[in-house]
Colleague: 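My questions all concern the structure below.
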Amino acid sequence: MPVSTAPVLELHRAAFGYRGRAVVTDVDLTVHRGEVLAVLGPNGSGKTTLVTGLLGLSEHLSGEVTVLGTPLARLRDRTRVGYVPQRHTLTGGVRATVTEVVTTGLLSGLPWWRPPGRRERAAVDAALEAVGLADRARFDVETLSGGQQRRVLIARALVARPEVLVMDEPTAGVDRASQLVLAGVLHRLGEAGTTMLVVTHELTALRGIVDRIVEVESGHLTFDGTPEGYAVHQGELARAAGRGPGVLSPTADGAVR
Amino acid sequence: MSEMLSLDFMRNALLAALCVGLVAPMVGIFLVQRRLSLVGDGIGHVALAGVAVGVATRGSPVWSALLAATLAAVLIEVLRARGRTSGDMALALMFYGGIAAGVVIINRAEGAQTGNLTGFLFGSITTTTRGELILFAVLSALIAGTVLLLRQRLFAVAGDEEYARASGLPVLALNITLGVLTAITVVVAMRVIGLLLISALMIVPNAAAQQLAGSFRAASWWAVGLGVVASVGGVSASYQLDTAAGGTVVLLAIALFAVATTVGSLRRALARARHRHAERHLHEHGPGCGHEAVSHGDHVDYLHDGHRHAAHEGHYDEHAHGPQPPPEDSGRVGHEVTR
């Protein structure tokens, strides 16, 4: 990979929040092409606010944020950043097939008067193939298992061929069998060089995929480094907590399972 | 039947019913999807204020209703987009204010005699004039055209607004478009089934269609079909039975819903009895999964320990042995023998 490649994401003293109130502040972060980041942190720490800020869903309040070489506010082609939300329902109050849901990922890339055509259908088939759902394309999404529904959302994000993929808890609440399949999907994406930001509580499900860890706690970045470095960081925190009172202890289960 | 069709006002009535039956469910499916089934009702309330102003000023109640309903629809979307908790209360104020103003203004303009008011609240399809009919047809064509053009985008926004925004779709513009379509539908349907019952024809055929269809596309068409049957059938029945047209249309729609629910659950029970789940396994079949793929009609089966697995909904089904199993052979017997 050429060294001159511009970073995919560049945040300098960035703050994100809602209705003018900051939730995460002072974020300095540079992500290069092909990196796979796990964003860890307890509930309410601001990790989701941080990543959804990159999608324009939470407000960018201060600092500099450059996405794919463009300042965030001026990023027009949003399909370059794919988003896999943490969702319970995929289609609102109606039935829809896997194909119908995945096709919505292509719409903003088409002129408003153009319905999806043959090329779009081929892209949908390819995205479903990539997440191993090709043979379930015509089924109602509500009849699929939780893990399969997550993969539908990943396919919807992949279908527009984004350069970065932002995922919010892709493995949460998914049974073990599906977690294995999901991990396989993420592994293949990582191998293919997709840049990914994965908000997660379950680092074990992503073992071997993640090559960098960022930890957010009470609205600040508290760690940025390799998985090995993170284990050391955890160990230090645990020792500090064990040694004396008055030191902030990590979450009860050591933050990661 | 021919007697009914020979009457000028009945022909107009049936054509107006056809328009409404076509477009109300087309718009309604997105309201069902957004879980805003009752918003059409609220817009109907505000439309009454518009009607009243039209009646009081001796203008056209249809145009003033269209204006009031459209303004209300846009305001609703703006309030929703601002996401204030007080938005819900603002809607209540607007809806009840609309209907109250409508009643007061009409009574003031027409004295205590309120036949006109009842006509707008519950429909007075047989008084539809030729000019109104043409206007309704044009508005219906406008609604149908817009929905057909934008249906996938409306589907995306109504299904997952947050994702739609992240992917760069113009969410507020699409929501306002849907609001305006709802407002126009309310006005088109006002004569046929009345402002108080409009929402029913937007929602009930869709509720029925959800029982019968497995995809959004199929559900849209089912809803339009059921909507036309309910509206045209209801108006015809009301002529034969000498009942109120609007109420008859809605009752017929509800009867269709009951039939659809029964048919839907029977079909699901039948499908459950006729197919057999494979044993649960952690493995997911796919190209290169290590199991032999066998083409089977329109799909692929995977040979798993000597029996065939085919993807169905969230699980795998056992499919019969042999290249072309007869449909009566559910595979049950064959499977047990080989195990």
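As a basis for the values below, the full set of heavy atoms in this structure was taken, side chains included, without hydrogen atoms, waters or symmetry mates. Just so we're on the same page: letters track the sequence lines, and every chain starts at 1.
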Colleague: Roughly how far, to the nearest 0.5 Å, is the CG atom of L110(A) from the CZ atom of R153(B)?
Modeller: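 Going from CZ on R153(B) over to CG on L110(A), the span is 5.5 Å.
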
Colleague: Under 4.5 Å from any heavy atom of chain B, what part of T103(A) do you find: side chain, backbone, both or neither?
Modeller: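 Contact with chain B: side chain only.
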
Colleague: Identify which part of I29(B) has an atom lying under 4.5 Å from any heavy atom of chain A, answering side chain, backbone, both or neither.
Modeller: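 Backbone plus side chain of I29(B), per the 4.5 Å heavy-atom cut-off to chain A.
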
Colleague: Can you tell me how far the OG1 atom of T79(A) sits from the CG atom of L169(B), to the nearest 0.5 Å?
Modeller: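 If I round to the nearest 0.5 Å, the distance is 10.0 Å.
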
Colleague: In terms of relative ring orientation, are H312(B) and F139(A) parallel, tilted or perpendicular, with 30° and 60° separating the classes?
Modeller: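 If you compare the ring of H312(B) with that of F139(A), the planes turn out perpendicular.
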
Colleague: Quick check on R217(B) against chain A: is it the side chain, the backbone, both or neither that has a heavy atom closer than 4.5 Å?
Modeller: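 It is both, since atoms from each part get that close.
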
Colleague: Using a cut-off of 6.0 Å, state whether more than 12 heavy atoms not belonging to R188(A) lie near its atom CZ.
Modeller: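 Buried by this count: over 12 neighbours within 6.0 Å.
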
Colleague: If I compare all heavy atoms of E162(B) with all of P85(A), which pair ends up nearest, and what's the gap?
Modeller: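 Shortest heavy-atom contact: OE1-CB, 3.9 Å.
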
Colleague: With chain B, which of G82(A), S108(A), A96(A) has the greatest number of heavy-atom pairs at distances under 4.5 Å?
Modeller: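 Heavy-atom pairs under 4.5 Å are most numerous for S108(A).
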
Colleague: From Y316(B) OH over to D135(A) CG, what is the distance, rounded to the nearest 0.5 angstrom?
Modeller: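 The distance works out to 5.5 Å.
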
Colleague: Between G56(A), P116(A), G147(A), who has the most heavy-atom pairs with chain B when the cutoff is under 4.5 Å?
Modeller: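 Of the options given, most contacts go to P116(A).
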
Colleague: Which residues in residues 151-172 of chain A have any heavy atom lying under 4.5 Å from a heavy atom of chain B?
Modeller: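 Answer by number: R151(A), R156(A), A157(A).
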
Colleague: Can you tell which part of A219(B) gets under 4.5 Å to a heavy atom of chain A, answering side chain, backbone, both or neither?
Modeller: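 Contact with chain A: none, neither part.
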
Colleague: Using only atom types and a distance under 3.5 Å, with no angle test, would you say the side chain of S215(B) pairs donor to acceptor with the backbone of T97(A)?
Modeller: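 A pair under 3.5 Å: no.
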
Colleague: Go through V84(A), T143(A), D77(A), T104(A) and name the one with the most non-hydrogen pairs under 4.5 angstrom from chain B.
Modeller: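 Highest number of heavy-atom pairs under 4.5 Å: T143(A).
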
Colleague: The test is side-chain contact (heavy atoms from CB on, under 4.5 Å); show your working for L149(B) and W112(A) and say whether it passes.
Modeller: CA-CA 8 Å; L149(B) 197 63; W112(A) 64 270; 3.5 Å; yes

Colleague: Do you know which of Q148(A), R136(A), R78(A) has the most heavy-atom pairs with chain B at a distance under 4.5 angstrom?
Modeller: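 Looking at each option in turn, the highest pair count goes to R136(A).
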
Colleague: I'd like to know if the side chain of E313(B) and the backbone of D140(A) have a donor-acceptor N/O pair within less than 3.5 Å.
Modeller: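 No; zero donor-acceptor contacts below 3.5 Å.
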
Colleague: Return the CG to CZ distance between L212(B) and R95(A), rounded to the nearest 0.5 Å.
Modeller: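 One finds 9.0 Å between CG of L212(B) and CZ of R95(A).
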
Colleague: Heavy-atom pairs under 4.5 Å with chain B - which of T99(A), V101(A), V98(A), L107(A) has more of them than the others?
Modeller: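 The option with the most such pairs is L107(A).
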
Colleague: Run the numbers on R165(B) and L57(A) for side-chain contact (heavy atoms from CB on, under 4.5 Å), then give the verdict.
Modeller: CA-CA 7 Å; R165(B) 183 168 294 119; L57(A) 296 176; 4.0 Å; yes

Colleague: In Å, rounded to the nearest 0.5 Å, how long is the span from CG of L55(A) to OH of Y163(B)?
Modeller: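 These two atoms lie 10.0 Å from each other.
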
Colleague: For the CD atom of Q152(B) and the CG atom of L106(A), what is their distance to the nearest 0.5 Å?
Modeller: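 Answer rounded to 0.5 Å: 10.0 Å.
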
